[in-house]
There are 2 protein chains.
Amino acid sequence: MPSRAEAADMPADGAIEAPERLRRRASRLLSQMSVRSDRLITDGLARVDARKWHYAVLASLQEYGPGSQATLSRNTGIYRSDMVGVLNELAERGDVERTPDPGDRRRNVITITEQGRRHLRRLDDVLDDLHEELLAPLLPEERDQFVGMLRRLLDHHTQRTPPAP
Amino acid sequence: MPSRAEAADMPADGAIEAPERLRRRASRLLSQMSVRSDRLITDGLARVDARKWHYAVLASLQEYGPGSQATLSRNTGIYRSDMVGVLNELAERGDVERTPDPGDRRRNVITITEQGRRHLRRLDDVLDDLHEELLAPLLPEERDQFVGMLRRLLDHHTQRTPPAP
DNA sequence: TAGCTTCGTTCGTGGCACAAACGTTAGTCA
DNA sequence: TGACTAACGTTTGTGCCACGAACGAAGCTA
């Protein structure tokens, strides 16, 4: 795995100066920033042998209590098909337990373990640090505004268009 | 290609309610919002048979004048290897011209055509509308703040760590 | 009973950022 | 002049991710 900094022959990373037209477009800024953010988080979590989906699942379990994989999927935005693998990893580490639901034999009930809770706390700390780095250029008050706006945007674009009757 | 709204069996799209822990994390909001934004823009541009990279390239040419593919790559953040295809498409449509640089026979000089300029203006309009939709929940003043913050974040995370001497 | 939906799971797809390698051409400096 | 290094355009390939199709099993409704 070649270190990112020494790839002799790389292009645009130190983007010289993008056209003003592009620097004005929220969509572009969002997507570029998302790439960097993702890299920061993914790398940071990798250092403690975790992945972002682990955090999402553990956080959801902690907040809503045990649930089926489908519920978990809806709460985290991770697809059912991908959830399987994530839960395999978490179960293997002993962070969650997967047991068949006696009341509905289609379902599994996923429960967070004590160790899972510890890991969640740990990940929260790691993520706090990473976000400190991520949002470094913004004042504390601006960070709140930023998060608030993102939240409103996301909510707005997450509303389900109800199927016509 | 099944329409997005009728896929019988889809998961998390209308995310019921994500854990507060997740809704607080800028990284997650960014990445989710980036996905939606990307979809909005990609679909919107597809309706006029364009792709976002086209806009980036045309904007760069308009602002900085003709340039080599490498320069274009640096200005837009599109990798050299991907630039080839983008320019093929643009050349095919007659939006740019690719001619060998007489002064440096390694290079091609890419020039925007009159038609390219027209298309750029058209795309600018389309993008204006799409961004209106994208940023709908924000007041005009908030939009500026939002873009400003994104810009600062991106600049901060784009600074090149100079290789140790 | 028959016909729907939901669940967990497997497998597959398309798009994207990114990288390796190669032939070609320029610039550099002994 | 010749050898070395670096930039250019191009082809090909990789890994990751969001997403979808399909299926057997199980529950729900009439």
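Residue numbers begin at 1 in each chain, while the letters A, B, ... track the order of the sequences.
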Listed partners of Glu114(B) passing side chain to side chain donor-acceptor pair (under 3.5 Å), at least two apart: none
With a 4.0 Å limit, can you tell me whether Arg74(A) has a side-chain N or O closer than that to the phosphate oxygens OP1/OP2 of dC7(C)? yes
Side chain of Ser81(A) - closest among dC11(C), dG9(D), dA26(D): dC11(C)
Filtered N/O pairs between nucleotides 1-6 of chain D and protein, under 3.5 Å:
none

Could you state the atom-to-atom distance from CD1 of Ile41(A) to P of dC16(D) in whole Å? 18 Å
Contact check, side chains of Asp104(B) and Asp101(B), non-hydrogen atoms, under 4.5 Å: yes
Does anything in residues 85-99 of chain B come within less than 4.0 Å of DNA chain C? Heavy atoms only, and list the residues if so. none
Does a donor on one side chain and an acceptor on the other come within less than 3.5 Å for Gln115(B) and Arg93(B)? no
Just how far, in rounded Å, is C1' of dG9(D) from CD1 of Ile78(B)? 15 Å
Looking only at N and O atoms, is any donor in the side chain of Asp82(A) or the base of dC17(D) less than 3.5 Å from an acceptor on the other one? no
Reading DNA chain C from 5' onward, which residue's closest nucleotide shows up sooner: Lys52(B) or Arg107(A)? Arg107(A)
Quick check against the 3.5 Å criterion: does His54(A) have a side-chain atom that pairs as donor or acceptor with the backbone of Arg51(A)? yes
Arg39(B) side-chain N/O to dA18(D) phosphate OP1/OP2 under 4.0 Å: no
How would you label the contact of Ser68(A) with the nucleic acid (heavy atoms, under 4.0 Å): base, sugar-phosphate, or nothing? sugar-phosphate
When Asp101(B) and Trp53(B) are each assigned the nearest nucleotide of DNA chain C, the 5'-most assignment goes to Trp53(B)
Side-chain N or O of Arg105(A) less than 4.0 angstrom from OP1 or OP2 on dG24(D)? no
Over all atoms of both residues, closest heavy-atom pair of Glu142(A) and Pro137(A): OE1-O, 4.4 Å
Side chain to side chain donor-acceptor pair (under 3.5 Å) partners of Asp38(B), counting only residues at least two apart: Lys52(B)
Among dG9(D), dT10(C), dA19(C), find the nucleotide with the atom closest to the side chain of Val84(A). dT10(C)
Could you tell me whether the side chain of Ser68(B) and the main chain of Asn108(B) form a donor-acceptor pair under 3.5 Å? no
For Thr111(A), which residues count as a side chain to side chain contact (heavy atoms under 4.5 Å, CB included) partner, sequence neighbours excluded? Pro66(A), Val109(A)
Residue Arg80(B), side-chain heavy atoms: nucleotide from dC18(C), dA18(D), dG9(D) that is nearest: dG9(D)
Earlier contact from the 5' end, DNA chain D, for Asp38(A) and Gly103(A): Asp38(A)
Could I get the full list of side chain to side chain donor-acceptor pair (under 3.5 Å) partners for Ser31(B), not counting sequence neighbours? none
